[in-house]
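Only one structure is covered here, and it is reproduced in the block below.
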There are 2 protein chains.
Amino acid sequence: MRPPRPPLGPPRGRFVSAADVARLAGVSRSAVSRAFTPGAQVSEQARARILEAAEELGYRVNRLARTLHQDRSDLVGVVGGNFSNPYISAQLDALSRALHARRLQCLLMNSASGGDDLGRLLDYRVRTVVLLSGAAPDTLIRLCAQNGARMVLINRPRPPEGARADLVLADSAHGGRLAADRLARAGCQNVAVVISGSRTSAKLDRAEAFCSEMALHGIPVTRWADGPNSYETGVEAARALLIPGDRRVDGIFGVTDEIALGVLNTARFELGLRVPEDLSVIGFDDAPISGWSSHGLTTIRQPLEALTRATMEAITLPPEAEPVLCAVPVQLVERGSVRAPIT
Amino acid sequence: MRPPRPPLGPPRGRFVSAADVARLAGVSRSAVSRAFTPGAQVSEQARARILEAAEELGYRVNRLARTLHQDRSDLVGVVGGNFSNPYISAQLDALSRALHARRLQCLLMNSASGGDDLGRLLDYRVRTVVLLSGAAPDTLIRLCAQNGARMVLINRPRPPEGARADLVLADSAHGGRLAADRLARAGCQNVAVVISGSRTSAKLDRAEAFCSEMALHGIPVTRWADGPNSYETGVEAARALLIPGDRRVDGIFGVTDEIALGVLNTARFELGLRVPEDLSVIGFDDAPISGWSSHGLTTIRQPLEALTRATMEAITLPPEAEPVLCAVPVQLVERGSVRAPIT
DNA sequence: TTGTATGCGTTATCAC
DNA sequence: GTGATAACGCATACAA
């Protein structure tokens with residue numbers, strides 16, 4: 001039992017409650033509640049007195065308690081594995097802005113921090129879980145289904161049959177083909193694709209489509225798949241793939257821009273190759289830094305705005321709505337890291 | 001009034017509650033509560049039955065309701081203005097990991113999304129608010145104080161007298177001096193400092209210290225302050241500052257790495273200057289991409305680990321503990337964008 | 001060890 | 001328009 005705190009006293013490490021405000025304003029708790037509920041019936045006079053008291057005390061409606069009563073919070077769980085990845089961080093920036101605009105809150109979870117306690121998001125009664133990276137663990141899928149929370153997977157592997165999840169997918173296959181065609185047009189004779197070892201399906205899809213398309217062109221493809229989705233992976237791949245010789249690799253597709261930038265920089269500054277004269281490099285994502293003049297990376301762009309818009313649509317669907325599938329088109333962005341087409 | 005849902009029925013858009021579990025396990029609700037409270041008294045037998053039922057239903061303790069009872073959540077509000085900034089995103093990545101390790105949750109707020117509704121964080125009864133960018137609005141400071149929430153400011157302006165906030169500050173003044181001394185040793189005769197227009201005190205401090213130190217060396221400094229803390233700001237500053245002439249600027253200090261990279265790239269690729277031969281560039285932060293071989297930016301490093309550790313210490317302090325001030329040392333990192341010292 | 005009763009801060013329902 | 005009262009899901013003091 002806590003002692004009733006004097007209305008104007010110093011903070012005691014406790015949050016101000018509606019009861020505190022009611023006491024100061026000389027009204028009942030329900031009146032305070034109504035004053036903060038849009039469309040509720042309160043006299044203008046009482047309302048003003050209440051708001052004044054609230055302002056004085058620094059009162060804020062406890063949305064946790066409100067959620068209790070409504071069984072649906074305005075929290076959205078956002079899961080990512082590496083927020084310093086240039087594309088992920090751009091995604092997060094755009095998504096958090098968009099959530100904020102719809103008055104939803106972003107409960108962030110870094111899945112890189114070990115044990116997949118992603119289920120903990122449900123402890124906070126998130127209305128939706130959004131996955132930016134990693135595969136959706138079966139336990140999480142089941143947990144969301146059992147608790148009626150929506151799930152939005154962005155460029156993630158398609159979950160097992162019967163799992164209810166919204167899918168936002170950039171057109172990986174088309175992107176992979178675009179990359180392949182571009183390298184072919186550049187006259188590449190011996191190309192490689194660098195995939196991270198994590199083998200997320202979106203990245204695999206990009207690589208698969210790239211390989212199939214290259215097969216049509218009759219151009220051999222070396223596959224390099226190891227390590228996380230990171231710059232260092234690109235660095236190591238470049239060191240391994242770009243060994244001098246008469247059949248040296250002359251074109252590389254990195255399945256993410258971060259990987260491609262690792263390849264690009266290693267080729268240029270460590271191995272002394274000229275890009276695009278000696279080596280053509282193409283990426284996938286179109287992260288902001290890819291356009292910097294220090295890189296000039298030709299890449300397959302996943303438009304961030306479209307991705308974010310589709311994500312927000314799925315997020316704001318009512319819990320019982322059928323899952324949606326949203327395909328986001330991609331496009332080639334020329335920047336100069338691939339040789340000009342031969343005519 | 002909702003109908004009691006069949007234990008194994010399909011999800012009805014509602015979260016599973018302890019009552020549901022109790023029903024299935026044939027025990028009271030309190031027993032369920034105890035089974036999930038570490039150190040509570042439950043028979044091993046009941047406990048097993050309860051956990052099994054919980055597993056089957058996909059039950060998760062509602063931490064929102066638990067918070068209600070404890071008046072202290074494990075939510076930490078994290079405020080940033082631009083998550084795609086290379087240093088901020090690295091900070092966020094490290095911080096979210098560290099929070100997760102202490103079983104705290106990260107409630108993210110993007111302050112760039114307009115109206116400073118930062119007060120909304122308190123609606124979720126966050127135990128602490130962490131500011132990564134922007135200045136702390138007075139209203140937020142007051143709100144936190146009145147509600148007994150801690151506040152941690154990372155490289156932010158010192159709040160008004162009497163405001164209780166933990167401060168984590170990299171040694172801006174020392175960093176600014178280090179930058180100045182380094183450019184002086186490189187033989188620069190005419191330097192500039194590029195500050196963002198946002199004028200956060202940490203950035204101003206860096207610039208001030210730089211200017212004072214340069215004055216000691218008798219080297220004139222041009223100040224350029226406009227635009228946000230972004231790459232483009234560096235680009236525009238470079239275009240404006242690096243006009244050809246016999247007294248051209250031969251050294252530039254960018255108060256953040258992102259700005260410095262904008263300067264560096266513009267000088268190299270747009271203006272055709274050689275760095276460091278024609279122009280020395282030095283930054284502040286040591287973002288991961290500054291070390292990439294495409295940049296090789298000499299910079300003042302704020303060690304991320306120390307920053308994060310200090311932040312976590314402040315975050316985990318009890319609400320009533322006195323505010324702490326933690327100074328984080330900085331150091332010069334040589335990478336080649338500044339000319340070798342003249343002897 | 002177990003269940004009952006109470007309180008946490010809120011909203012919704014109900015008399016007045 | 002207003003105030004009492006009953007939920008909401010949980011933890012806990014207390015009784016059994």
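Here is the naming used below: chain letters follow the sequence lines, and residue numbers restart at 1 for every chain. Predicted model, so just to flag it, every value in this text is computed and none were measured.
For the pairing with Ser111(B), the side-chain contact (heavy atoms from CB on, under 4.5 Å) check across Leu132(B), Leu131(B), Leu118(B) returns one residue only, Leu118(B). Screening Val79(A), Val168(A), Thr311(A) against Val130(A) for a side-chain contact (heavy atoms from CB on, under 4.5 Å) leaves a single residue, Thr311(A). Among Asp166(A), Thr128(A), Thr316(A), the single residue meeting the side chain to side chain donor-acceptor pair (under 3.5 Å) criterion with Arg150(A) is Asp166(A).
When only modelled atom types and interatomic distance are considered, Asn82(A) and Asn229(A) share no side-chain donor-acceptor pair under 3.5 Å.
Side-chain atoms of His69(A) and base atoms of dT10(C) include no donor and acceptor less than 3.5 Å apart.
If you check residues 40-49 of chain B against DNA chain C, the residues with a heavy atom closer than 4.0 Å are Gln41(B), Val42(B), Ser43(B), Ala46(B), listed by number.
Here Asp123(A) pairs with Arg60(B), Arg63(B) under the salt bridge (Lys or Arg N to Asp or Glu O under 4.0 Å) rule; sequence neighbours left out. Applying the salt bridge (Lys or Arg N to Asp or Glu O under 4.0 Å) criterion to Arg156(A), with sequence neighbours excluded, gives no partner residue. A search for salt bridge (Lys or Arg N to Asp or Glu O under 4.0 Å) contacts involving Glu322(A) returns Arg164(A), not counting sequence neighbours.
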Next item on the list: Any chance you could encode DNA chain C as dot-bracket? Rule is Watson-Crick or G-U wobble with both distances under 3.5 Å; [ ] for pairs crossing earlier ones, | for another strand.
Entry: |.||||||||||||||
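In this structure, Asp20(A) places its CG atom 13 Å from C1' of dC8(C), rounding to the nearest Å. Atom CD1 in Ile50(B) sits roughly 11 Å away from atom C1' in dT1(C) (whole-Å rounding). Counting to the nearest Å, the P atom of dA12(C) and the CD atom of Gln70(A) are 6 Å from each other. In this structure, Asp74(A) places its CG atom 14 Å from C1' of dT10(C), rounding to the nearest Å. Per the geometry, CG belonging to Asn62(B) stands 13 Å off C1' belonging to dT10(C), to the nearest Å. Rounded to a whole Å, the CG atom of Leu68(B) is 8 Å from the C1' atom of dT10(C).
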Notebook entry, point to check: Stepwise, does the salt bridge (charged side-chain N to carboxylate O under 4.0 Å, His left out) test hold for Glu52(B) with Arg47(B)?
Noted result: CA-CA 8 Å; Glu52(B) 192 185 355; Arg47(B) 188 187 163 77; over 6 Å; no
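OP1 or OP2 of dG9(C) sits under 4.0 Å from a side-chain N or O of Arg14(A). Taking side-chain N and O atoms only, Tyr124(A) has no distance below 4.0 Å to OP1 or OP2 of dG9(D). Remark: Arg125(B) is in phosphate contact with dT10(C), judged by side-chain N or O atoms under 4.0 Å from OP1 or OP2.
Residue contacts shown for Phe36(A) are absent, as no nucleic acid heavy atom lies under 4.0 Å away. The residue Val61(A) sits close only to the backbone: its heavy atoms come under 4.0 Å of sugar-phosphate atoms, none of a base.
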Could you go through nucleotides 3-5 of chain D and list every protein N or O atom that sits under 3.5 Å from one of its N or O atoms, giving the distance for each pair?
{"unit_1": "dG3(D)", "atom_1": "OP2", "unit_2": "Ser28(A)", "atom_2": "N", "d": "3.4"}
{"unit_1": "dG3(D)", "atom_1": "OP2", "unit_2": "Ser28(A)", "atom_2": "OG", "d": "3.2"}
{"unit_1": "dG3(D)", "atom_1": "N7", "unit_2": "Arg34(A)", "atom_2": "NH2", "d": "2.7"}
{"unit_1": "dG3(D)", "atom_1": "O6", "unit_2": "Arg34(A)", "atom_2": "NH1", "d": "3.1"}
{"unit_1": "dA4(D)", "atom_1": "N7", "unit_2": "Ser30(A)", "atom_2": "OG", "d": "3.3"}
{"unit_1": "dA4(D)", "atom_1": "N6", "unit_2": "Ser30(A)", "atom_2": "OG", "d": "3.3"}

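Aromatic rings from Tyr59(A) and Phe15(A) are positioned such that their centres are separated by 6.0 Å or more.
The environment of Arg97(A) atom CZ is dense: over 12 non-hydrogen atoms of other residues, nucleotides or ligands sit within 6.0 angstrom.
For the residue pair Gly81(A) and Asn110(A), the shortest heavy atom distance occurs at O-OD1, 3.5 Å.
The backbone N or O of Cys144(B) sits nowhere less than 3.5 Å from a side-chain atom of Asn147(B) that would complete a donor-acceptor pair.
Comparing Thr37(B) and Ala65(B) by the nucleotide of DNA chain D whose heavy atom lies nearest to each, the residue mapping closer to the 5' end is Ala65(B).
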